[in-house]
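A short write-up of the structure that comes next.
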Amino acid sequence: MKVRNIIRLSVCTLLLVILFQAAGAGYAYHALKEKTDVALKAAFRKAFDFLVDEQVNALPYPDGTVTHLIYTPTDSIYLQNEELYSFYTSQQTSAILQDAYSQPELSLDALRLELEKELHYDGVEGEITIRKFDTHTGETLQRSPNVPERHAPGLYAISEKAYLHEAKGIVVESYLHQPFYRGYMGRMLLFYAATLGLALAVIIPFILRTRKLQKEQTTINEQRQEFYRQAKEMGAPVRQMKSDIEAGCWEQAHETGQQLLAITETTLTHAKQKDALSHKGRSVSSLYLLGLALVGSLLLTFLWGGYVYREQRSALAHEVQVCFEEAFVEETARRYHRLTDSLPSHPRIKAVTEFCNAQYDSWLSEAKDLSKLRIGYAFVRRSGMNMEENARVRRAYNNQEIFAEAGCAYVPLDSAYMDSVFNAFLQEKGLPAGHIHFFSRASERLTDKTFMLTTLGKDLLTHPVSVNKERTRWMEGVVPAPLAYIFRSAWYLFISLRLLSLFTLACIIGLWYVGRRLHKLGQFREDFTYSMIHDMKSPLQSVLMGTQIMASGRMTDKPDRAEGLRKAMLAECEHLLTLSGRVITLTQMERGELELHRTSIALRPLLEDLAGKFRLKTSKPITFNIVCDENLCVMADSFCLREVLSNLIDNAVKYSREEVTIRLLAETESDNTVSIHVRDNGIGIPLRDQQRIFGKFERVASDKHTAQTSGFGLGLNFVWQVVRAHGGSIRVESDGRNFSEFAISLPST
């Protein structure tokens with residue numbers, strides 16, 4: 001993949017992370033706002049009820065004194081549940097306390113403090129403001145705290161309105177403001193900032209490392225082009241130098257060799273300089289940085305998951321607690337209705353009856369249709385089993401005390417009904433199912449730790465309530481191990497982290513691949529420089545040394561040695577011409593300019609001729625085993641086929657051990673093609689390298705057997721290109737230790 005595409009993919013992934021973060025933040029904001037709205041309304045009702053109830057209980061009358069009656073239309077929405085009914089009647093009570101008992105209005109500061117306490121119980125954070133205003137004019141009469149109104153960015157929620165005095169139009173309401181940098185939103189934004197930072201920490205080193213790979217590849221390509229140019233331009237001077245050697249013009253040959261050597265030295269110097277620059281200022285490995293980023297993302301996932309789990313569990317615990325308390329109220333109300341026939345003898349009911357009789361005349365004067373009203377009452381109560389509980393549980397306890405004070409036969413709590421009602425409320429809110437657990441001693445109660453690590457597999461428990469006045473029997477709501485539900489309900493908070501973790505892992509794998517490529521390119525640099533020395537510089541140095549010796553006249557009286565030296569110089573010239581010819585041929589094939597002159601070639605004579613030449617020029621003991629019919633021919637370009645087979649045999653010699661055995665096999669295949677096999681007893685080719693050795697400038701990784709073998713890695717690429725140009729194919733087989741076999745398939749005559 002091109003670096004440009006990798007950078008685009010990285011940027012797209014970063015944008016995708018940001019997009020998912022924005023979507024998750026938006027979803028979380030709306031979910032939090034909805035939760036905050038509901039919590040603020042419920043907490044405001046409870047705080048208002050509590051403070052009004054405190055005002056009633058502060059009246060200078062004995063416990064149980066009925067203070068007033070409350071009227072609620074039978075079709076009112078406030079009769080839908082006890083919480084709304086209590087809130088509605090508390091607003092009536094507030095006006096009655098002011099008119100009938102000369103009590104002051106509810107304190108806004110006290111309401112704010114109580115509301116903050118209720119919200120803290122519900123796990124809601126933010127700045128609370130209480131506003132009192134006139135509904136007729138809209139004028140703000142008082143604020144608590146008494147600070148100027150401001151509109152800072154953040155989450156806003158507003159409660160219902162509560163009348164302090166409906167006839168006068170005096171209303172209070174509460175506002176909650178949670179700045180984005182505080183509370184749950186602040187922690188979420190901090191998490192998202194950390195996630196974005198990790199994404200950058202992953203992407204930036206990956207891009208830098210990939211760009212380094214691109215730069216390295218560009219540098220090597222430039223070196224290749226420089227080598228190509230030099231090899232192509234070397235043909236004519238080398239042929240001239242060869243002619244001078246054959247003619248005995250040693251000074252001219254020496255001068256030509258010096259010019260070629262100077263050009264080669266320049267190319268070699270450039271290669272070394274670029275290699276030095278590539279190693280200069282090498283910093284800490286990007287792979288390690290990505291590893292740290294992966295660890296950071298996993299750690300952030302763990303910490304964020306723990307925080308989200310704790311917050312979601314706390315929110316779930318509150319919702320389950322509300323369902324449990326509502327079920328308790330529902331069950332006690334059911335028992336209350338079953339005992340209505342026995343309740344008229346209750347002292348409180350008698351007091352209510354007497355109070356109603358005293359109000360009878362005023363009812364008639366007001367022409368109230370009592371059939372359309374639900375009549376309630378308020379009474380003074382300073383003690384009892386319910387005083388420290390919240391409004392819902394106090395109502396349930398109140399019903400229980402009425403049963404006991406009336407002297408009614410005790411009707412035990414219906415555990416099956418309580419359990420079904422509890423689950424009905426849970427199901428209505430989309431919460432996981434639960435059950436009721438009863439116990440009588442503290443040791444029998446289930447325990448639930450608050451530390452995150454210990455609660456992952458723990459059941460969620462409600463606060464216990466007593467089932468009887470003596471407080472000898474208790475019950476609690478239980479939701480078994482809600483771990484899956486909690487994480488499923490907060491899935492949107494983990495999308496960006498999951499994407500980041502996967503991308504980080506992909507970057508590490510990609511960077512590992514890039515690192516391997518960089519290592520191979522570094523190895524190629526070394527091999528390239530070594531090959532230049534052996535394939536270009538060394539032959540030229542040998543020619544220069546030979547021409548200098550011949551020009552000095554020291555070989556005049558040694559004709560045999562002079563002839564041997566002349567042949568050696570000519571062989572070096574042939575080597576350089578072969579290298580130049582291969583480069584030119586490859587260039588022509590890449591440009592589509594190569595013209596093949598196909599003729600029918602007898603393979604047996606060709607193989608025998610090549611075997612004879614390699615026996616003469618190879619210093620190692622070499623044995624050729626030729627298996628080929630005398631009449632077997634192939635259609636090919638004579639020069640190209642000879643170069644292909646010469647290269648394969650030359651490689652077999654190079655990568656061999658002390659004694660070389662080469663088997664040359666040619667046979668006709670069933671598809672009317674000719675297959676030519678070159679098999680050696682050398683060091684073999686590792687399986688991982690067998691597919692890439694045909695690439696340009698590719699060589700098997702250096703080891704103790706291959707470190708001293710010369711060559712630019714052009715040979716097998718030349719073979720592959722030529723065979724493909726003939727419409728044939730080539731394959732390699734090796735066990736990586738003891739042999740290599742190349743098989744060429746070409747069209748037959």
Side-chain angles (χ1 to χ4, degrees), residues 242 563-564 567-568 570-579 581-582 585 596-683 709-711 714-716 718-723 725-734 738-749:
K242 181 181 177 184
E563 181 62 22
K567 288 182 178 179
L570 291 174
E572 296 291 11
C573 290
E574 285 292 338
H575 174 76
L576 291 173
L577 288 173
T578 299
L579 178 62
R582 286 180 182 174
T585 302
L596 297 176
H597 303 283
R598 301 172 189 261
T599 58
S600 179
I601 303 171
L603 287 177
R604 180 79 187 195
L606 175 62
L607 296 178
E608 290 178 346
D609 181 56
L610 289 172
K613 288 185 177 180
F614 274 95
R615 287 193 189 98
L616 292 176
K617 74 174 187 177
T618 303
S619 59
K620 298 179 182 179
I622 183 170
T623 301
F624 282 95
N625 182 12
I626 301 175
V627 179
C628 179
D629 291 339
E630 293 289 345
N631 300 322
L632 184 59
C633 296
V634 66
M635 289 294 295
D637 184 289
S638 177
F639 170 78
C640 289
L641 181 59
R642 176 177 286 273
E643 287 296 311
V644 164
L645 295 176
S646 295
N647 186 274
L648 293 179
I649 296 172
D650 185 56
N651 281 347
V653 175
K654 283 181 181 178
Y655 296 97
S656 65
R657 295 183 173 86
E658 296 302 323
E659 294 186 1
V660 186
T661 300
I662 298 176
R663 184 171 186 261
L664 302 177
L665 168 66
E667 58 185 355
T668 303
E669 301 290 344
S670 58
D671 57 353
N672 199 32
T673 61
V674 174
S675 178
I676 306 172
H677 299 254
V678 179
R679 181 187 178 97
D680 60 48
N681 63 337
I683 61 175
T709 57
S710 64
L714 284 175
L716 289 178
F718 173 83
V719 170
W720 180 74
Q721 295 266 28
V722 169
V723 170
H726 280 79
S729 63
I730 182 172
R731 65 182 185 276
V732 61
E733 180 182 351
S734 176
N738 300 307
F739 79 93
S740 297
E741 181 174 350
F742 289 85
I744 299 171
S745 294
L746 295 173
S748 64
T749 55

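It should be emphasised that the depicted structure is a prediction, and the values quoted were computed from it without experimental measurement. For the numbers below, each heavy atom of this structure counts, side chains included, while hydrogens, waters and symmetry mates do not.
For T673, the side-chain hydrogen bond (donor to acceptor under 3.5 Å, both in side chains) partners are D671, not counting sequence neighbours. Remark: E667 engages no residue in a salt bridge (Lys or Arg N to Asp or Glu O under 4.0 Å) (not counting sequence neighbours). Take R642 and apply the salt bridge (Lys or Arg N to Asp or Glu O under 4.0 Å) test, not counting sequence neighbours, and it matches D609. Residues satisfying the side-chain hydrogen bond (donor to acceptor under 3.5 Å, both in side chains) criterion with E741, sequence neighbours excluded, are H677, R679. By the salt bridge (Lys or Arg N to Asp or Glu O under 4.0 Å) test, E643 is found to be paired with R582, residues two or more places apart in sequence or in another chain being considered. Remark: R615 pairs with A611, I622, F624 by the side chain to side chain contact (heavy atoms under 4.5 Å, CB included) rule, at least two apart or across chains. For K613, the side-chain hydrogen bond (donor to acceptor under 3.5 Å, both in side chains) test picks out no residue, with sequence neighbours left out. Applying the side chain to side chain contact (heavy atoms under 4.5 Å, CB included) criterion to L577, with sequence neighbours excluded, gives V238, R239, K242. Scored by the side chain to side chain contact (heavy atoms under 4.5 Å, CB included) test, A602 finds P605, C633 as partners (sequence neighbours excluded). D637 meets the side chain to side chain contact (heavy atoms under 4.5 Å, CB included) test with L596, H597, F639, C640, H726; sequence neighbours excluded. The side-chain hydrogen bond (donor to acceptor under 3.5 Å, both in side chains) check on R663 picks up nothing, with sequence neighbours excluded.
Screening residues 622-636 for side chain to side chain donor-acceptor pair (under 3.5 Å), with sequence neighbours left out, gives no hits.
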